[in-house]
Each structure stands twice: as C-alpha cells, then as structure tokens.
Amino acid sequence: MTQLYIGNKNYSSWSMRPWVLMKQAGIPFEEVVLRFDSFDTGSQFKNAIGALNPVAKVPVLVDDGLVVWDTLAIAEYLAETHPDKKLWPQAVADRARARSICAEMHSGFGGLRGHCGMNIEASLPEVGARLLREQPEVKSDLERIVQMWGDLLAQHGGPLLFGEFTIADAYFAPIGTRIKTYGLPVPAAISAYIERVQALPGVKAWIDEALAEKDFLPFEEPYRSAR
C-alpha cells in the first residue's frame, strides 16, 4: 500500500496538506508518523526520514517503491495517478490559477508561516494581536490571504475556493488553523470558508487527531512553556 510519512499532526503543516488531500479524496494510504524530536543532524527524526528523503523533511510519499517528497510534487503525482479524483479544477484557466496560488503558498507567506507556526491545540489570540502590531509581514501576508480567498470565493460562488474540493483547499487548510490559533481578524466570508474547510471529513479527522496527540514540544512553542 502507498505510505505517507508525516510529522506530528499538531505542528506539521506541510504533512497536513497531502494527508488531508488523500483522506478527503478517498485515496487509501498507510500513515507513518515520525515524531519530531529535534531537527538537528543526527536526531532520530532526521535519521529516519533521511533514509528516504535526501533533504530529510516530511512529508514523503512512497508508492510501490517510488519515493516522492515535497508537498507540491506529491500533490501533482497524486493528481496524475488518480485522474478520476479530479484533484485539480477541471477548467484549464482554473487549473492554472490553482497551481499559481499553491506555488505562492509553497514559496511565500514567510512572515505568517515563520511567526505563526501551526499549533492546532493552542489558543494564542494575544500573540496574534501583538504580531500584527509588531511584524508588518504578518499583516501583509494576512491581507493577501483575505484578498486571494475572497476573490476566488466570489468568482466561483463557493463553497470552496474553486467550487468543489481541490488541492488548493488542502494546501491552504493549515493557514485556516493558524488564523484560528492566533485569533487573526478576517472578514465573515473568510471565517465561514475556514469553518467549511475544517468541517470536511478529511480536515476534521486531522484536527481531531492533532488534538488527541498531547505531545508538547518546547522547540515548536516559542510563545508558551507548557500546556
């Protein structure tokens, strides 16, 4: 069976993307969790994932001996090997737009990702308010997310970014968890979209399992010292 190697569900936003994509699309796989211990060379985590992936990061997909790493590469591979699942939008222009915003997520939003690490279990609205005051890049990243999602929802009429569930929704699902964790202010239409995404069975399953982990990792938690 296809295997997907992931990190801790509470913290690993990149792992969340292909896991949610496969769960929501009904693509069967075996989950292999590699707990984050540290990201230092020689750590147990680095040794385990490094045996599969030369850059020693999760997620990694293993399919009949083929090893695919990098979240966007995994998504493209799944779209090619499961065309019946229609993981990208069907219209050429929509596929191009969906790929563009996924690539933007892949290489951008450094302020939001860097300062607002994914932490599904936490509630840190006071940290979010401070970051918006003190870190201009967090504010500009949030504004871009609101503009992007708002434009796509208006264009396609919802309920998701391109109408039906696609790779784009899986790709931005972790951003929705960050917005909720840090209490970042967004318009009602954006908040409603986040709630719809988090109600999807594949996304809800990830969130529920993240909440059940109870694994506090101090190096992932710069804003508190305990739960």
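Along the sequence shown, residues carry numbers from 1.
Taking CG of Leu131 as the reference point, atom CG of Leu142 lies at 11.5 Å (rounded to 0.5 Å). Interatomic distance, Trp149 CH2 to Ile190 CD1, rounded to the nearest 0.5 Å: 7.0 Å. Rounded to the nearest 0.5 Å, atoms CD1 (Ile167) and CD1 (Ile74) are 11.5 Å apart. To the nearest 0.5 Å, atoms CG (Leu152) and OG1 (Thr166) are separated by 9.0 Å. Asp151 CG to His156 NE2: the interatomic distance, rounded to the nearest 0.5 Å, is 10.0 Å. Taking CE from Met16 and OG1 from Thr71, the interatomic distance works out to 12.0 Å, rounded to the nearest 0.5 Å.
Across all their heavy atoms, Phe172 and Ile101 have their closest contact at CZ-O, 3.5 Å. The minimum heavy-atom distance between Trp206 and Ser12, with the atom names listed, is CZ2-O, 3.7 Å. Scanning both residues, Met1 and Phe29, for their nearest heavy atoms gives SD-C, 3.4 Å. Contact between Ala170 and Val20 at its shortest, heavy atoms only, is CB-CG1, 4.1 Å. When all heavy atoms of Ala168 and Cys102 are compared, the closest pair comes out as CA-SG, 3.8 Å. In this structure, Asp94 and Pro89 approach most closely via the heavy-atom pair CB-CB, 3.5 Å.
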Is there a side chain to side chain contact (heavy atoms under 4.5 Å, CB included) between Thr177 and Gln198? Walk through the geometry before answering. CA-CA 8 Å; Thr177 74; Gln198 295 192 355; 3.7 Å; yes
Might you work through the side chain to side chain contact (heavy atoms under 4.5 Å, CB included) test for Arg99 and Glu104, ending with a clear yes or no? CA-CA 9 Å; Arg99 284 188 167 102; Glu104 184 178 352; over 6 Å; no
Under the criterion side chain to side chain contact (heavy atoms under 4.5 Å, CB included), I'd like the reasoning laid out for Val33 against Tyr5: C-alpha separation, chi angles, the key distance, then a yes or no. CA-CA 6 Å; Val33 179; Tyr5 289 75; over 6 Å; no
Go through Asn8 and Leu217 one step at a time and tell me if the side chain to side chain contact (heavy atoms under 4.5 Å, CB included) criterion holds. CA-CA 10 Å; Asn8 295 58; Leu217 300 179; 3.8 Å; yes
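Under the 4.5 Å side-chain contact rule for hydrophobic residues, Phe36 and Phe216 share a cluster. Hydrophobic clustering (side-chain heavy atoms under 4.5 Å, transitive across Ile, Leu, Val, Met, Phe, Trp, Tyr) groups Phe162 together with Ile175. Leu112 and Tyr11 fall into different hydrophobic clusters, where Ile, Leu, Val, Met, Phe, Trp and Tyr residues are linked whenever their side-chain heavy atoms come under 4.5 Å apart, directly or through other members. Clustering ILVMFWY residues whenever any of their side-chain heavy atoms sit less than 4.5 angstrom apart, transitively, puts Trp69 in a cluster other than the one holding Tyr77. Phe219 and Ile6 are assigned to two separate hydrophobic clusters, defined by single-linkage of ILVMFWY side chains at heavy-atom distances under 4.5 Å.
Judged by the 6.0 Å and 45° rule, Arg17 forms no cation-pi pair with Trp19.
Ion pairing between a basic and an acidic side chain is recognised when a charged N comes within 4.0 Å of a carboxylate O; Asp215 and Arg35 show such pairing. By the 4.0 Å N-to-carboxylate-O rule, Glu126 lies too far from Arg130 to be salt-bridged with it. Between Lys139 and Glu134 there is no salt bridge, since none of the side-chain N atoms of the basic residue sits less than 4.0 Å from a carboxylate O of the acidic one. Salt-bridge annotation for Arg224 and Glu121: present, with a side-chain N of the basic residue lying under 4.0 Å from a carboxylate O of the acidic one. Salt-bridge check for Lys86 with Glu164: failed, with every basic side-chain N at 4.0 Å or more from each acidic carboxylate O. Ion pairing between a basic and an acidic side chain is recognised when a charged N comes within 4.0 Å of a carboxylate O; Lys9 and Glu213 show no such pairing.
Side chains of Tyr193 and Asp169: a donor on one and an acceptor on the other come within 3.5 Å. Checked by atom type, the side-chain pair Asn119/Glu220 shows no donor-acceptor distance below 3.5 Å.
Residues Asp63 and Val68 form no side-chain contact, since every pair of their non-hydrogen atoms from C-beta on lies 4.5 Å or further apart. A 4.5 Å side-chain heavy-atom check between Tyr182 and Leu132 finds every atom pair outside the cut-off. Looking at heavy atoms from C-beta onward, Glu31 lies out of side-chain contact with Leu4 at the 4.5 angstrom threshold. Between Gln24 and Leu200 there is a side-chain heavy-atom pair separated by less than 4.5 Å. Side chains of Leu78 and Leu61 form a contact here, defined as non-hydrogen atoms less than 4.5 Å apart. Between Met118 and Thr181, the closest side-chain pair of non-hydrogen atoms is not below 4.5 Å.
A side-chain donor-acceptor contact under 3.5 Å links Arg113 to the backbone of Gly108. Of the possible polar contacts, one joining the Asn53 side chain to the Val55 backbone as a donor-acceptor pair under 3.5 Å is found. The backbone N or O of Pro187 lies less than 3.5 Å from no partner atom in the side chain of Ser191, so there is not a single donor-acceptor pair. Formation of a donor-acceptor pair under 3.5 Å by the Glu137 side chain with backbone atoms of Gly111 is not found in this model. The backbone N or O of Pro174 sits nowhere less than 3.5 Å from a side-chain atom of Ser13 that would complete a donor-acceptor pair. At distances below 3.5 Å, not a single donor-acceptor pair connects side-chain atoms of Arg196 with backbone N or O atoms of Leu160. Looking only at distances, a side-chain donor or acceptor of Lys85 sits under 3.5 Å from a matching main-chain atom of Ala25. Ser15 contributes a side-chain N or O that, together with a main-chain N or O of Gly7, makes up a donor-acceptor pair within less than 3.5 Å. Here the side chain of Asn10 pairs a donor or acceptor atom with the backbone of Ile120 at under 3.5 angstrom. No donor-acceptor pair under 3.5 Å is formed between the side chain of Tyr223 and the backbone N or O of Cys116.
Close placement of the Phe45 and Phe39 rings is indicated, their centers lying within 6.0 Å of each other.
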